[in-house]
Chemist: 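Right, I'll just put the structure down here and ask away after.
Proteins come first, then strands; the chains are lettered A, B, ... in the order of their sequence lines, and each starts at number 1. The basis for the numbers below is simple: all heavy atoms, side chains too, and nothing from hydrogens, waters or symmetry mates.
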Amino acid sequence: MPTTPQHARDASMVDEVIAWFSREARDLPWRRSDCSPWGVLVSEIMLQQTPVVRVEPVWREWMARWPTPADLAAAEQGDAVRAWGRLGYPRRAKRLWECAVALVERHGGEVPSDEDTLLALPGIGAYTAAAVAAFAFGQRSVVLDTNVRRVIGRAWNGLPLPALHQTVGERAHAAELVPASPEAAVAWAAGSMELGALVCTARAPRCGECPLASDCRWLAEGATGLEAAPRRVQPWHGTDRQVRGRIMALLRAAHVPVNISGHAALEDIEPGQLDSCLESLVADGLVRAADAERGLYVL
DNA sequence: AACCCGGGGCA
DNA sequence: TGCCCAGGGTT
């Protein structure tokens, strides 16, 4: 297939990002060559919606305690949820534990390298399957997270921020940009994510440090539109999510059953909300009743 | 497609 | 204090 000028320009920009990443990549434990596929998988689950700086210490503890899927699968789910600590979205901890069980039951305790097989595991969606295939096994895949979407959106399409949801067209464009060789594809995946995380940030991009500055359509057109862009803030104070988090924090700290509805630390929460949140945590399988008569609960 | 789910740290 | 973030699962 002949290379059109547009493709050549794409490839040049991709190469710029790869070269930048080779200089600027952070030294993270799950990027080291001695990190197992399991270590990569654990990091990817933890990094879903949680920044690197908060993940790293928890990841180290987790890998020291459960260095293989079989180790985690043999643990109690409650211990996994407790070890998750304050990373947030504790359902991820439950799913990671379920993933370890599935790896033992379906795959002999090994992390599969096939993207579709990964996709079938608990807690692994399109992004994580592509990321594990690339970073754990060096395979060519389309790694498309919010950082990559922002980089492509700005540099190629002149958009200040990506749309709320991925479109088929956006994914197709991202797929076109992935280099042919697996090595370059992996470097592009990691580099474009890193660029989005460190330079091409959502709120205050550091365009002066960007390897794509001379190619970026958004910068060429004035780098405007951030102020007018709609925010995607999720409410927090007083929400069910905050109440659920407070209940989980109490149960993580306790190693004996806890009376939630009569707990002094939760007195400021309206009883109806407290009860419904506790019920939702039980429904999610994160919390279980140790003594329903007395209202005692554990992880 | 819409909705729900944590939490910390920094501008 | 406002705001941002390496998504996935359910309905």
Side-chain angles (χ1 to χ4, degrees), chain A residues 21 25-26 28-31 39-59 81 84-96 98-99 118-136 141-151 160-168 171 174 186 188-198 200-206 226-227 229-252 276-277 279-281 283-287:
Chain A
F21 182 66
R26 289 171 288 182
L28 302 172
W30 48 84
R31 283 180 177 165
V40 173
L41 191 159
V42 171
S43 79
E44 291 299 340
I45 302 279
M46 290 183 172
L47 287 164
Q48 293 167 0
Q49 305 284 285
T50 305
V52 164
V53 288
R54 291 178 51 204
V55 163
E56 187 166 351
V58 180
W59 183 89
V81 172
W84 194 256
R86 308 182 72 85
L87 284 184
Y89 295 121
R91 292 192 290 199
R92 291 183 295 163
K94 179 175 188 285
R95 291 180 190 139
L96 180 51
E98 291 170 339
C99 182
L118 286 163
L119 195 54
L121 292 165
I124 298 190
Y127 161 76
T128 306
V132 171
F135 304 140
S141 67
V142 182
V143 178
L144 192 58
D145 75 332
T146 188
N147 286 316
V148 179
R149 294 183 67 213
R150 192 169 55 247
V151 168
L161 290 171
L164 194 53
H165 298 291
Q166 272 185 42
T167 64
V168 173
R171 185 164 186 82
V186 171
W188 160 246
S192 55
M193 290 173 60
E194 190 86 333
L195 188 65
L198 299 181
C200 193
T201 59
R203 194 81 177 91
R206 300 165 175 83
L226 276 188
E227 289 71 19
R231 304 259 185 267
R232 306 172 198 174
V233 297
Q234 298 169 320
W236 172 243
H237 187 75
T239 61
D240 285 355
R241 301 203 306 178
Q242 186 187 32
V243 172
R244 283 167 55 104
R246 290 176 63 185
I247 295 171
M248 291 300 293
L250 282 177
L251 293 176
R252 280 198 306 270
S276 66
C277 286
E279 203 169 308
S280 75
L281 288 170
D284 285 346
L286 288 168
V287 169

Chemist: Taking only residues two or more places apart in sequence or in another chain, which ones pass side-chain hydrogen bond (donor to acceptor under 3.5 Å, both in side chains) with A:Arg31?
Modeler: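 Here the qualifying residues are A:Glu194.
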Chemist: Just N and O in the side chain of A:Gln49: are any of them under 4.0 Å from OP1 or OP2 of C:dG7?
Modeler: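 Checking C:dG7 against A:Gln49, a side-chain N or O does come within under 4.0 Å of OP1 or OP2.
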Chemist: Assuming nearest nucleotide by heavy-atom distance, tell me which of A:Leu281 and A:His165 is located more 5' along DNA chain B.
Modeler: A:His165
Chemist: Pairing of DNA chain C as dot-bracket, 5' to 3': ( ) intra-strand, [ ] crossing, | other strand, . unpaired, with Watson-Crick or G-U pairs under 3.5 Å?
Modeler: |||||.|||||
Chemist: Would you mind classifying the nucleic acid contact of A:Asp240 as base, sugar-phosphate or nothing, using non-hydrogen atoms under 4.0 angstrom?
Modeler: sugar-phosphate
Chemist: Could you work out, with side chain to side chain contact (heavy atoms under 4.5 Å, CB included) as the rule, every residue matching A:Pro205, not counting sequence neighbours?
Modeler: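 Counting only residues at least two positions away or on another chain, A:Pro205 forms a side chain to side chain contact (heavy atoms under 4.5 Å, CB included) with A:Arg154, A:Thr201, A:Cys207, A:Trp218, A:Leu226.
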Chemist: Which pairs, protein N/O on one side and nucleotides 9-11 of chain B N/O on the other, fall under 3.5 Å?
Modeler:
none

Chemist: Identify, with sequence neighbours excluded, every residue that meets side chain to side chain contact (heavy atoms under 4.5 Å, CB included) alongside A:Asn147.
Modeler: A:Asp145, A:Arg150, A:Ala197
Chemist: Distance alone, cut at 3.5 Å: any donor-acceptor contact between the side chains of A:Arg95 and A:Tyr89?
Modeler: no
Chemist: Taking only residues two or more places apart in sequence or in another chain, which ones pass side chain to side chain contact (heavy atoms under 4.5 Å, CB included) with A:Glu279?
Modeler: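 Once residues adjacent in sequence are excluded, A:Glu279 has no partner under the side chain to side chain contact (heavy atoms under 4.5 Å, CB included) criterion.
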Chemist: At less than 3.5 Å, do the side-chain atoms of A:Thr50 and the base atoms of B:dG6 form a donor-acceptor pair?
Modeler: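 Per atom types, the contact qualifies.
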Chemist: Just to verify, what does A:Arg246 make a salt bridge (Lys or Arg N to Asp or Glu O under 4.0 Å) with, not counting sequence neighbours?
Modeler: A:Asp268
Chemist: Can you name the atoms? Protein N/O to nucleotides 9-11 of chain C N/O, anything below 3.5 Å, with the distance.
Modeler:
from: C:dG9; atom 1: OP1; to: A:Gly123; atom 2: N; distance (Å): 2.7
from: C:dG9; atom 1: O4'; to: A:Arg95; atom 2: NH2; distance (Å): 3.3

Chemist: Quick one: list whatever passes side chain to side chain contact (heavy atoms under 4.5 Å, CB included) with A:Ala190, sequence neighbours left out.
Modeler: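 For A:Ala190, the residues satisfying side chain to side chain contact (heavy atoms under 4.5 Å, CB included) (neighbours in sequence not counted) are A:Phe21, A:Phe135.
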Chemist: Would you classify A:Ala202 as touching base, sugar-phosphate or nothing, given that sugar-phosphate means primed atoms plus P, OP1 and OP2, and contacts are heavy atoms under 4.0 Å?
Modeler: sugar-phosphate
Chemist: Can you list the residues that meet the salt bridge (Lys or Arg N to Asp or Glu O under 4.0 Å) rule with A:Arg244, with sequence neighbours excluded?
Modeler: A:Asp284
Chemist: Looking across every strand, which nucleic acid part, if any, lies under 4.0 Å from A:Trp84 by heavy atom: base, sugar-phosphate, or nothing?
Modeler: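 No contact.
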Chemist: Look at A:Thr128 and C:dG8 and indicate whether a side-chain polar atom (N or O) is within less than 4.0 Å of OP1 or OP2.
Modeler: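 For C:dG8, OP1/OP2 do have a side-chain N/O of A:Thr128 under 4.0 Å.
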Chemist: Write out all pairs satisfying salt bridge (charged side-chain N to carboxylate O under 4.0 Å, His left out) with one or both partners inside residues 45-59 of chain A, taking only residues at least two apart or from two chains.
Modeler: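 Qualifying pairs: A:Glu56-A:Arg60.
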Chemist: Looking across every strand, which nucleic acid part, if any, lies under 4.0 Å from A:Arg150 by heavy atom: base, sugar-phosphate, or nothing?
Modeler: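 It contacts sugar-phosphate atoms only.
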Chemist: In terms of side-chain heavy atoms of A:Arg203, which of B:dG6, C:dC5, C:dC4 is nearest?
Modeler: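 The closest nucleotide is C:dC4.
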Chemist: Among C:dC5, B:dC5, C:dG7, which nucleotide sits nearest the side chain of A:Arg241?
Modeler: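 Closest nucleotide to the A:Arg241 side chain: B:dC5.
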Chemist: side-chain hydrogen bond (donor to acceptor under 3.5 Å, both in side chains) with A:Thr128: which residues, sequence neighbours excluded?
Modeler: A:Gln48
